[in-house]
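Owing to the predicted nature of the structure, the values given are computational and were not obtained by experimental measurement.
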Amino acid sequence: MYKYFPHTETDLKEMLSAVGVDSLDALYDDIPDDIRFRGDYELPEAMSEMEVRQLFEQLGAQNQQFVCFAGAGVYDHYTPAVIPNLLSREEFLTSYTPYQAEISQGTLHYIFEYQSMMTALTGMDISNASMYDGTTATAEAMLMAVAAGKKQRRVLMSNTVDEKTQAVVREYAHFQQIDVVSIPEKDGVTDFSTLNSKLSTLDGIAGVIVQQPNRYGIIEDYTGYADACHEQKALFIMNSVAFDLALLKTPGEWGADIAVGDGQSLGIPMQFGGPYVGYMCCTEKLIRKMPGRIVGKTHDSHRQRAFVLTLQAREQHIRRQKATSNICSNQSLMALFVTMYLSLMGKQGLREAAQLSYDGAHYLCEQLVATGHFRLAYDQPFFNEFCVRYDGNVDALQQRWLDAGFFGGVKVSEDTIMLAVTEKRTKEEIDQLIALI
């Protein structure tokens with residue numbers, strides 16, 4: 001009757017006996033009778049399966065379906081049809097933390113594969129499994145840098161980092177007595193000269209946080225950043241959109257010590273704010289400062305492959321004061337989603353999807369500028385997201401797009417819109433968007 005409830009009638013009787021009551025109703029005897037609900041629930045009449053399907057189809061038809069040209073951290077990428085079907089299997093959907101490794105081999109196996117794929121994507125040595133989302137992963141990276149720096153209690157953060165991420169980082173820092181200092185931007189990118197100045201004049205800097213592509217969609221040149229940080233014993237932390245790393249230079253190639261970001265771009269649908277999955281990768285020397293868990297592979301006494309929980313730096317497993325984080329869940333289901341996506345797409349498929357996104361964004365930008373009403377906000381290279389300034393009323397334009405079924409970007413300022421293109425957007429859709437201007 002209850003598909004996911006493992007308790008039999010005998011189990012229930014034994015539990016009730018153990019607590020000294022003879023029925024489930026007796027568990028609620030302490031609740032005053034006058035506050036108990038005695039009426040009928042406002043539920044519809046019973047329906048057949050066909051009627052239920054028709055009802056939900058009618059309700060679903062009330063939703064407005066928009067063609068999405070917005071990004072700002074959440075992207076409308078293609079989801080292979082097989083993933084939702086596999087992910088909904090109950091052994092995946094209802095599983096939780098693999099406390100007993102010897103009976104959680106399947107869970108540990110896909111976590112191991114997730115870690116392997118994320119290290120390949122980021123160019124880093126180690127990946128954990130995993131974080132809540134990209135913003136909290138960045139905040140955890142800050143705490144990780146402070147823990148590694150011991151007495152260092154200051155972090156520099158570029159103003160070109162997404163403002164939502166900045167807000168979460170500062171919230172974490174406030175309660176940990178960490179000083180977060182902004183690095184100003186210049187022409188839409190981090191002001192490297194100011195970074196060097198702050199690194200040489202401020203004391204106690206544990207790390208520097210940047211973003212790639214940045215909050216305006218710009219691909220920044222981080223040449224020399226890692227060296228500048230390491231000269232002052234600071235860690236270089238890079239937040240990146242996971243999908244974009246299929247074509248962009250990886251955090252590992254930039255010399256980053258910690259790579260973080262959100263994995264939502266790896267096929268996870270946009271769903272009203274979640275669930276997402278944050279990734280965190282680092283160099284090998286920082287492995288013991290990393291929050292969450294790390295799964296390793298070994299062989300048992302019979303020389304058969306076995307997966308183990310190599311490190312668990314969580315407060316549930318070690319002394320609270322020694323824990324690197326109080327994360328109590330590892331977003332394992334979403335990590336499995338990402339693992340399925342990457343395995344289905346493969347290296348070549350991911351690169352092709354990324355190239356389509358890049359090409360589509362540049363085509364849209366060219367067409368917008370050609371209308372004579374737009375100009376690129378920053379003369380900088382971009383990937384699949386960019387900012388343009390409009391000579392008309394931005395609100396009126398976006399409403400016109402909405403009325404026609406297009407979610408036309410994110411308003412950045414009174415005259416600036418940020419638009420994003422993924423592999424799902426066709427040339428016909430882009431041309432229709434342009435025709436409405």
Give a yes or no answer on whether the side chain of [X] reaches the backbone of [Y] with a donor-acceptor pair at less than 3.5 Å.
X    : Y    : value
R153 : A206 : no
N384 : G360 : no
E423 : Y78  : yes
S265 : F243 : yes
T310 : G296 : yes
R215 : K164 : no
Q105 : F307 : yes
S240 : A242 : no
T422 : D76  : yes
R425 : V67  : no

Inspect the contact between R375 and D391 and indicate whether a charged nitrogen and a carboxylate oxygen are less than 4.0 angstrom apart.
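Looking at D391 and R375, the cut-off is not met.
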
Shortest non-hydrogen contact from [X] toward [Y]:
X    : Y    : result
A256 : M238 : CB-CB, 4.2 Å
P84  : A81  : CD-O, 3.2 Å
E385 : Y75  : OE1-OH, 2.6 Å
W254 : T223 : CZ3-N, 3.3 Å
L245 : P251 : CD2-CD, 3.8 Å
C281 : S127 : SG-CB, 3.6 Å

Would you compute the distance between atom [atom1] of [X] and atom [atom2] of [Y] and round it to the nearest 0.5 angstrom?
X    : Y    : atom1 : atom2 : answer
I437 : Q367 : CD1   : CD    : 9.5 Å
K424 : L356 : NZ    : CG    : 13.5 Å
T194 : K198 : OG1   : NZ    : 7.0 Å
D125 : C282 : CG    : SG    : 7.5 Å
E429 : I434 : CD    : CD1   : 12.5 Å
Q115 : L108 : CD    : CG    : 9.5 Å

[Y] and [X] side chains, donor-acceptor separation under 3.5 Å:
X    : Y    : value
D395 : Q399 : no
D415 : S413 : yes
Q304 : H299 : no
H109 : E113 : yes
D162 : Q166 : no
T190 : E220 : yes
S182 : R170 : yes
N196 : S193 : no
T283 : D257 : no

Determine, step by step, whether E140 and Y172 satisfy the side chain to side chain contact (heavy atoms under 4.5 Å, CB included) criterion, reporting the C-alpha distance in whole Å, the side-chain angles of both residues, the deciding distance to 0.1 Å, and the verdict.
CA-CA 8 Å; E140 292 284 350; Y172 271 58; 3.9 Å; yes

Please collect all salt bridge (Lys or Arg N to Asp or Glu O under 4.0 Å) contacts where either partner lies in residues 346-358, sequence neighbours excluded, each pair once.
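Of all non-adjacent pairs touching residues 346-358, none passes salt bridge (Lys or Arg N to Asp or Glu O under 4.0 Å).
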
Residue pairs passing the salt bridge (Lys or Arg N to Asp or Glu O under 4.0 Å) test where at least one lies in residues 174-183, sequence neighbours excluded
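Passing the test, one end in residues 174-183: R154-D179.
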
Check step by step if side chain to side chain donor-acceptor pair (under 3.5 Å) holds for N239 and T138.
CA-CA 7 Å; N239 177 305; T138 309; 2.8 Å; yes

Should the heavy atoms of other residues, nucleotides or ligands under 6.0 Å from [atom1] of [X] be counted, would the total exceed 12?
X    : atom1 : result
R89  : CZ    : no
D30  : CG    : no
D403 : CG    : yes
F272 : CZ    : no
E171 : CD    : no
E414 : CD    : no

Tell me, with the steps shown, if Y363 and Y358 meet side chain to side chain contact (heavy atoms under 4.5 Å, CB included).
CA-CA 9 Å; Y363 175 71; Y358 176 92; over 6 Å; no

Any chance you could lay out the side chain to side chain contact (heavy atoms under 4.5 Å, CB included) test for L350 and Y341, step after step, and finish with the verdict?
CA-CA 9 Å; L350 194 63; Y341 176 84; 3.7 Å; yes

Test ring pair (Phe, Tyr, Trp, His ring centres under 6.0 Å) on Y378 and F382 and set out the steps.
CA-CA 9 Å; Y378 302 101; F382 62 89; over 10 Å; no

Test side chain to side chain contact (heavy atoms under 4.5 Å, CB included) on Y279 and Y114 and set out the steps.
CA-CA 10 Å; Y279 70 84; Y114 165 84; 3.5 Å; yes

Checking [X] now: which residues fulfil side-chain contact (heavy atoms from CB on, under 4.5 Å) with it, not counting sequence neighbours?
X    : result
V74  : Q264, M270, Y276
A141 : I237, I258, V260, M280
E253 : K249, T250

Side-chain touch [X]/[Y], heavy atoms, less than 4.5 angstrom:
X    : Y    : result
I294 : I126 : yes
K151 : V146 : no
V155 : V181 : no

Parallel, tilted or perpendicular: which fits the ring planes of Y390 and F374, with parallel below 30° and perpendicular above 60°?
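If you compare the ring of Y390 with that of F374, the planes turn out parallel.
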
Kindly state whether the ring of Y225 and the ring of F192 have centres lying under 6.0 angstrom apart.
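Centroid separation for Y225 and F192: below 6.0 Å.
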
Would you say the ring centers of H230 and F236 fall short of 6.0 Å from each other?
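Ring centres of F236 and H230 not closer than 6.0 Å.
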
Using the test salt bridge (charged side-chain N to carboxylate O under 4.0 Å, His left out), find all partners of E185 that sit at least two apart in sequence or belong to another chain.
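Expected list: none.
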
